[in-house]
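What follows is a set of notes on a single structure, which appears directly below.
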Amino acid sequence: MATRETEVTAGAPAAGRSQAWAAANPRSRALAQRARRVLPGGVTHDVRRAEPFPLAVARAEGAHKWDLDGHEIVCYVMGHGALLLGHSHPDVVAAVRHQATLAFHPGACHELESEWAEAVVDLVPSAELVRFTSSGTEASLLALRIARAATGRERVVKLAGHFNGWHDQVAFGADPPFHGPDTAGVPAALGPVVTVVPAEERAVADALAGGDVAAVILEPSGAAWGTVPLPAGLLASIRALTSAAGTVLVFDEVISGFRWSPGGVQAVAGVTPDLTVLGKILAGGMPGGAVAGPASLMGQLALPNGDPRRVAHPGTHNAHPISAAAGVAALRVCRSGGPQDHAARLAAALREGLTSVLAQAGVPGRAYGESSVFHLLFGPQAPEDRDPAALKAGLPRPLSTALHCGMLLEGVHLFHGSGFVSTAHSDTDVERTVGALAATLPQLEAEGLL
């Protein structure tokens, strides 16, 4: 696999990594300039902002992708976690192509929506009934609406650092310093009905003590797919606390669903929430989300018009046939647990290899994570000994930029110092990634970033 390192001076310092990468990617630069003329900030998702400009990709297959300038890259972004099976899995592509010849949007019910829901019910412990949405954010919004309708309460409790979508009702406390809105434009009136608490049993208990909480929503993997791990036993404790308080427990498994296991984190932990929010892998890389739960809660959606307890939920693209086709195909492959085991084995090997490279270079740090994900951490402290705000904040900007560009020059695309491993990755990809970090570290040290 050719890398940009053949196109630039190998000994350039870390500060030069971004310049070297920019020089090797004139087409990505040109597209960024074009995009800025019509797209705010030149991107369509905040997470794709990058210095000196975003990477632009022409095509992708398996674990690799090719940028506009023709460089082949090992991908660990994997559709922001949506692609457990890798880019363009043959079964998913075939399903999408077939459905595209039948109907894009029939404006009516179709068989695939039931088949898709049956697959979710079969795999996810909390699922008895399923309502599809167009994204994980929409699913989070719907789950909280159901919880409020079912309990007659308004207040929602969420854990500090946990991201549960970008809608107003959860746009609090996801980013350090974990208080107040995460963005401009959120009505101040929502503040009193959204309570952000640390991921601690006592804090959750105190928040529930008033008996006015409709829902507790959290990422069962820990904040940002395990970037900030949860204390041992916390999920079970929160399950007991919410049950005693008559509060709906919502697991946001948009990322962890079908990745940690066919049944998500809840199946691994043995802790079943009241409602589960799903997305990403659910739709096989196409747009889609879902709320899954028991009939006692999901039935709020089925009440007749005019019933004041009814939860209304329209949505032009709910269970869109193309997304449903991709989702059914992906979940059919995922159901055995074999894909999850394969990706988790490779991720464990990758975490071990990256940690070893850091040790050999004399750089304090490690790669950590669970299932098929990894996070790079620099410094002597283990993640459980770090301040949650520092963990969630991620790498300092200069280091993050230099690492990002340095690894791209070696043919590896990290996801802001982290990554997702897929079934399409191989031992060779792991070896290449470990070698890429080994080649990049001296450049970061030369610049005084480590």
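Just so it is clear, the structure is predicted and the values come from calculations on it, not from any experiment. The figures that follow rest on heavy atoms only: side chains count, while hydrogens, waters and symmetry mates do not.
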Any donor-acceptor N or O pair under 3.5 Å, side chains [X], [Y]:
{"X": "Thr272", "Y": "Ser126", "value": "no"}
{"X": "Glu370", "Y": "Trp260", "value": "yes"}
{"X": "Ser140", "Y": "His167", "value": "yes"}
{"X": "Glu253", "Y": "Ser256", "value": "yes"}
{"X": "Ser243", "Y": "Arg239", "value": "yes"}
{"X": "Thr44", "Y": "Arg48", "value": "yes"}
{"X": "His64", "Y": "Glu72", "value": "yes"}
{"X": "His404", "Y": "Thr401", "value": "no"}

Please say which of Val271, Leu235, Thr276 ends up in a side chain to side chain contact (heavy atoms under 4.5 Å, CB included) with Gln266.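 Output: one option passes, namely Thr276.
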(Q) Walk me through whether Phe415 and Met78 qualify under side chain to side chain contact (heavy atoms under 4.5 Å, CB included). (A) CA-CA 9 Å; Phe415 195 27; Met78 283 292 138; over 6 Å; no
(request) Just do the salt bridge (charged side-chain N to carboxylate O under 4.0 Å, His left out) check on Arg332 and Glu115 with the steps written out, would you? (result) CA-CA 11 Å; Arg332 187 178 294 127; Glu115 186 176 357; 3.0 Å; yes
- Checking salt bridge (charged side-chain N to carboxylate O under 4.0 Å, His left out) for the pair Arg29/Asp69: CA distance, chi angles, key distance, verdict? CA-CA 10 Å; Arg29 182 196 292 274; Asp69 291 280; over 6 Å; no
Measure the spacing between [atom1] of [X] and [atom2] of [Y] and express it to the nearest 0.5 Å.
{"X": "Leu331", "Y": "Leu85", "atom1": "CG", "atom2": "CG", "value": "9.0 Å"}
{"X": "Leu409", "Y": "Trp21", "atom1": "CG", "atom2": "CH2", "value": "9.0 Å"}
{"X": "Phe251", "Y": "Leu278", "atom1": "CZ", "atom2": "CG", "value": "12.5 Å"}

Can you name the nearest heavy-atom pair linking [X] to [Y], along with the distance?
{"X": "Pro339", "Y": "Ser336", "value": "CD-OG, 3.5 Å"}
{"X": "Val277", "Y": "Ala139", "value": "CG1-CB, 3.6 Å"}
{"X": "Ala171", "Y": "Thr183", "value": "CB-CG2, 4.2 Å"}
{"X": "Thr133", "Y": "Ala290", "value": "OG1-N, 3.7 Å"}
{"X": "Leu391", "Y": "Thr227", "value": "O-CG2, 3.5 Å"}
{"X": "Leu142", "Y": "Arg131", "value": "CD2-CG, 3.8 Å"}

May I ask you to decide if [Y]'s main-chain N or O and [X]'s side chain share a donor-acceptor pair within less than 3.5 Å?
{"X": "Arg432", "Y": "Glu410", "answer": "yes"}
{"X": "His110", "Y": "Ala319", "answer": "yes"}
{"X": "Ser371", "Y": "Val373", "answer": "no"}

His105 atom NE2, over 12 foreign heavy atoms within 6.0 Å:
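Yes, enclosed.
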A quick test of your reading: do over 12 heavy atoms of other residues, nucleotides or ligands sit less than 6.0 Å from CD of Glu384?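 For Glu384, atom CD is crowded (more than 12 foreign heavy atoms under 6.0 Å).
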Evaluate the side-chain proximity of Arg335 to Asp122: yes if any heavy-atom separation is below 4.5 Å, no if none is.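 Yes, side chains in contact.
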Q | Pair Arg153 + Asp212, salt bridge at N-O below 4.0 Å | A |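 No, this pair does not count.
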Item to complete: Identify the residue among His425, His375, His413 that makes a ring pair (Phe, Tyr, Trp, His ring centres under 6.0 Å) with Tyr76.
Response: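 Of the listed options, the one satisfying the test is His425.
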